[in-house]
Each structure stands twice: as C-alpha cells, then as structure tokens.
Amino acid sequence: MKLFRNREIGNYVLVFLAVMAAACVLFLAAGGNPVCYLAAEGLVLLSVFWICLKRRYEDVERLTQRIDRILHGEDRLELGEYREGDLEILKDEIYKMTVRLREQNDQLKREKRYLADALADISHQIRTPLTSVNLMVERLRNPKIEEEQKRKICREMTGMLQRMEWLILALLKLSKLDAGAVTLERKKIMVEPFVKEVVEPLEIPMELREQKLVFEGPKDAYFYGDEAWTTEAVGNVLKNCMEHTPTGGTIRIAWEENPLYTEISVKDSGTGIDEKDLPHIFERFYKGRMSEHQNFGIGLSLSRSILSQEKAVITAKNAKEGGSVFLIRFYENR
C-alpha cells in the first residue's frame, strides 16, 4: 500500500502489534484483571505514540529552520540525513523547488547584468558620433555658411546617424544573444543561394570599390541553421573583408561539405591581419591596428555570438599569398 511507503507508519504498526502480543501473553500467563490489562496496554501505546509524534515535530521544526535560513541567504540545503517516507518526500520536493527558484533568480540577475552592460556599451559607443553630430548642427546654425557646405554637412550627418543606428541595433542583438532571449530556428539551408543573398546588400559598395567577387563550391552543399541570423553573421564577415580589400581587389567565397561539417570560407586580397590582432579580432569593441577609424569593433563579435548559438565555429587566419581568410564551420549538418 502507498501508505506504508512511510517508514514511520510501518514502525507504528509493528510496535502496536508487539505491544498487543506482549500484553496478551502477560495477561494469559498471569490471569490478571482485564481492566488493568487494558490500562497498561493503553499507557504503553500512548507513550510510543508520544515519542514518535515528538520525533516528527522535531523533524518538521528542523526543516522549517533550514528553509528559513535559505530564505535569508544560505547557499546549501543538506538532506542526506533523511530517510524514505512522506516527510522525507516533502523535504526532497522542497529542495528541488528551492534549487529551481535559485536558478530562476540567478537567470534574472544575469539578464539584469546583461541589460546594464548593454546600456553602458551603447552610451559609451554613441558618445563620439553624437558629439560629431552636435558639432555639425552648430556649424549649420552659422548664417554665413555656403549652400554646398550645408549639403556636405547634411550628408555627413546622415552617414553618422546611420552608423549610430547600426551600432545600437547590433548591441541590442548582442544583448539578446548573451541573455539567451533569442530562439534560433533550425532548418536546412542551401549554401549557394544563401551566399548570394548575403552578398546582395553589399553589391553596390563593392561595385563602387571596383572589387571582384568570386564564388566556388558544389551546388548541392547545405547546412542547418537559422537563415536570418546566419545571414547577419556571414554578412558582417563579408563586410569586414570588403572594408580591408583595396580598390580593384578580389573577394573569394568558397564552400565545401564533408561528413563532419559544412565550411564556408571568405578570403580577401587585402593586407591581411596583424599577427598581434589575430587572437583578439572577435572580441567585443576590439579595433585592430589596420581598422578604419569609423570601425566600432563589434561586427565580428556579433558574428561569433550568433554562430556559437548555432554550434558553429568561426576562425580567422592570414593566407600565404596575402590577405585574410575567415572559416565558418557548421558541424551539425544532419
């Protein structure tokens, strides 16, 4: 019976039967008064019941005190001394609930910390472009400024505001990824059309730079991932290569597939990455020695965060013939 999973109930029954048996034997052997027999038996059973009840209340009191200590900041709840039974099952359930509440509390603290860090990063990074915009506004207030100069300042302000918008969106995306607030889809993506979609927003800037784009890879290659977020990740890598490729240079995007992973590589014909920068280029806000002045140092960091969520790995190196190479491997391609 379910009732007898509590060891205390079983002990009560055994003690009761033992007392009854002993009393019966003594009564038959002595041939005494039935009233005395019942009174003695009742006192024994009452004493046993009182002792067991006292032990149970002591266990409840200890459990109450431990729960109170946990509510006031104690880190551990030791339950090794308890045995099987209803009270022990209750203690175990309270312990599991305590662990779960603590995990939720830690998660809320992490999310709060991520939000605070994100706000601090945004305020720090937009301070410089915002100062530049304010200076441009002051210049526009000059009544003696020429019309051509006004148009030039407006173009510069537009570019600065676009950079600020991109930075804020990128930082918010990073914060969501860090806090685990993004659920990535997992679906089959064919590499060739995916790469062409990534390239599309950068075709005009590359054309203005007279840069040549080369594709290499099998038509049937594919990987599994979130198409929108992976487009963001690979797009940031391609944009980085475009910015470090000289006018008339070449960017080569190649891919291959094997039983272990699907790999996408992006290679440029620029000057490559300084050896001292290689270990740090995926760090947030890190700007290499050859980075442009307007570079925030966040694009590659965002790419790594996205790809790590997809169980993918991104690495960078310098090619022997010159230029940098970024390798992206999707290992879960089944």
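Atom set for the values below is all heavy atoms of this structure, side chains included, hydrogens, waters and symmetry mates excluded.
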Listed partners of Glu207 passing salt bridge (charged side-chain N to carboxylate O under 4.0 Å, His left out), at least two apart: none

Grab the two heavy atoms, one from [X] and one from [Y], that are nearest each other, plus how far apart they are.
X	Y	result
Gly270	Pro246	CA-CD, 3.8 Å
Ala316	Ile281	CB-CD1, 3.4 Å
Glu256	Pro218	CA-CD, 4.4 Å
Ala233	Leu307	CB-CG, 4.0 Å
Arg304	Phe282	NH2-O, 3.2 Å
Ser269	Gly249	OG-CA, 3.4 Å

Mind checking side-chain hydrogen bond (donor to acceptor under 3.5 Å, both in side chains) for Glu216 and listing every partner two or more places apart, or none if nothing turns up?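 In terms of side-chain hydrogen bond (donor to acceptor under 3.5 Å, both in side chains), with neighbours along the sequence ignored, Glu216 is linked to Arg252.
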
Can you name the residues that form a side-chain hydrogen bond (donor to acceptor under 3.5 Å, both in side chains) with Glu146, not counting sequence neighbours?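 Checked Glu146 against side-chain hydrogen bond (donor to acceptor under 3.5 Å, both in side chains); zero matches.
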
Do the non-hydrogen side-chain atoms of Val191 and Glu257 ever get within less than 4.5 Å of each other? no

Are Ile264 and Phe330 packed together at the side-chain level, in the sense that at least one heavy-atom pair is separated by less than 4.5 angstrom?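 Of all side-chain heavy-atom pairs linking Phe330 with Ile264, at least one is under 4.5 Å.
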
Measure from the side-chain N and O atoms of Gln211 to the backbone N and O of Thr245, and report whether any donor-acceptor pair falls under 3.5 Å.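 Yes, because the side chain of Gln211 sits within donor-acceptor range (under 3.5 Å) of the backbone of Thr245.
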
Let me confirm one number: the [atom1]-[atom2] distance from [X] to [Y], rounded to the nearest 0.5 Å.
X	Y	atom1	atom2	result
Phe223	Glu310	CZ	CD	7.0 Å
Met136	Leu161	CE	CG	9.0 Å
Ile251	Lys212	CD1	NZ	12.5 Å
Ile189	Thr230	CD1	OG1	5.0 Å
Lys219	Trp255	NZ	CH2	8.0 Å
Ile314	Leu300	CD1	CG	6.5 Å

For [X], give me all partners under side-chain contact (heavy atoms from CB on, under 4.5 Å), at least two apart in sequence or on another chain.
X	answer
Ser308	none
Ser324	Asp268, Ile273, Asn318, Phe326
Thr231	Phe194, Val198, Glu227
Glu138	Arg141

Before giving the answer on side-chain contact (heavy atoms from CB on, under 4.5 Å), spell out for Leu140 and Met157 the whole-Å C-alpha distance, their side-chain angles and the decisive distance to 0.1 Å. CA-CA 11 Å; Leu140 287 174; Met157 288 178 62; 3.7 Å; yes

Of all pairs that satisfy ring-ring contact (aromatic ring centres under 6.0 Å, His included), the ones with a partner from residues 135-155, not counting sequence neighbours: none

Qualifying salt bridge (Lys or Arg N to Asp or Glu O under 4.0 Å) pairs with a residue from residues 230-241, counting only residues at least two apart or across chains: Lys173-Glu232, Lys239-Glu243

In plain terms, say whether Lys196 and Glu192 are close enough for a salt bridge, that is, a side-chain N and a carboxylate O under 4.0 Å apart.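 Salt bridge flag = yes for Glu192 with Lys196.
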
Hydrophobic cluster (4.5 angstrom, side-chain heavy atoms) - remaining members for Leu135: none

Would you mind listing the cluster partners of Leu208? Hydrophobic ones only (ILVMFWY), side-chain contacts under 4.5 Å, chaining allowed. Ile204

ILVMFWY network linking Val237 to Val199, side-chain heavy atoms under 4.5 angstrom: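 Both belong to a single hydrophobic cluster.
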
When hydrophobic residues are tied together by side-chain contacts of less than 4.5 Å, even through go-betweens, does Val325 share a cluster with Met242?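 As far as the 4.5 Å side-chain criterion goes, Met242 and Val325 are not connected within one cluster.
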
Quiz: residues 147-156 side-chain donor-acceptor pairs under 3.5 angstrom, not counting sequence neighbours:
unit_1, atom_1, unit_2, atom_2, d
Glu148, OE1, Arg151, NH2, 2.6

Should Lys311 and Arg186 be marked as a side-chain contact (heavy atoms from CB on, under 4.5 Å) after you check the CA-CA gap, both sets of side-chain angles, and the distance that decides it? CA-CA 11 Å; Lys311 304 297 187 297; Arg186 179 173 170 80; over 6 Å; no

Verdict with supporting geometry, Val195 and Val234, side-chain contact (heavy atoms from CB on, under 4.5 Å): CA-CA 8 Å; Val195 169; Val234 180; 6.0 Å; no

Establish, for the pair Arg329 and Tyr261, whether the NZ or CZ atom is under 6.0 angstrom from the six-membered ring centre and no further than 45 degrees off its axis. yes

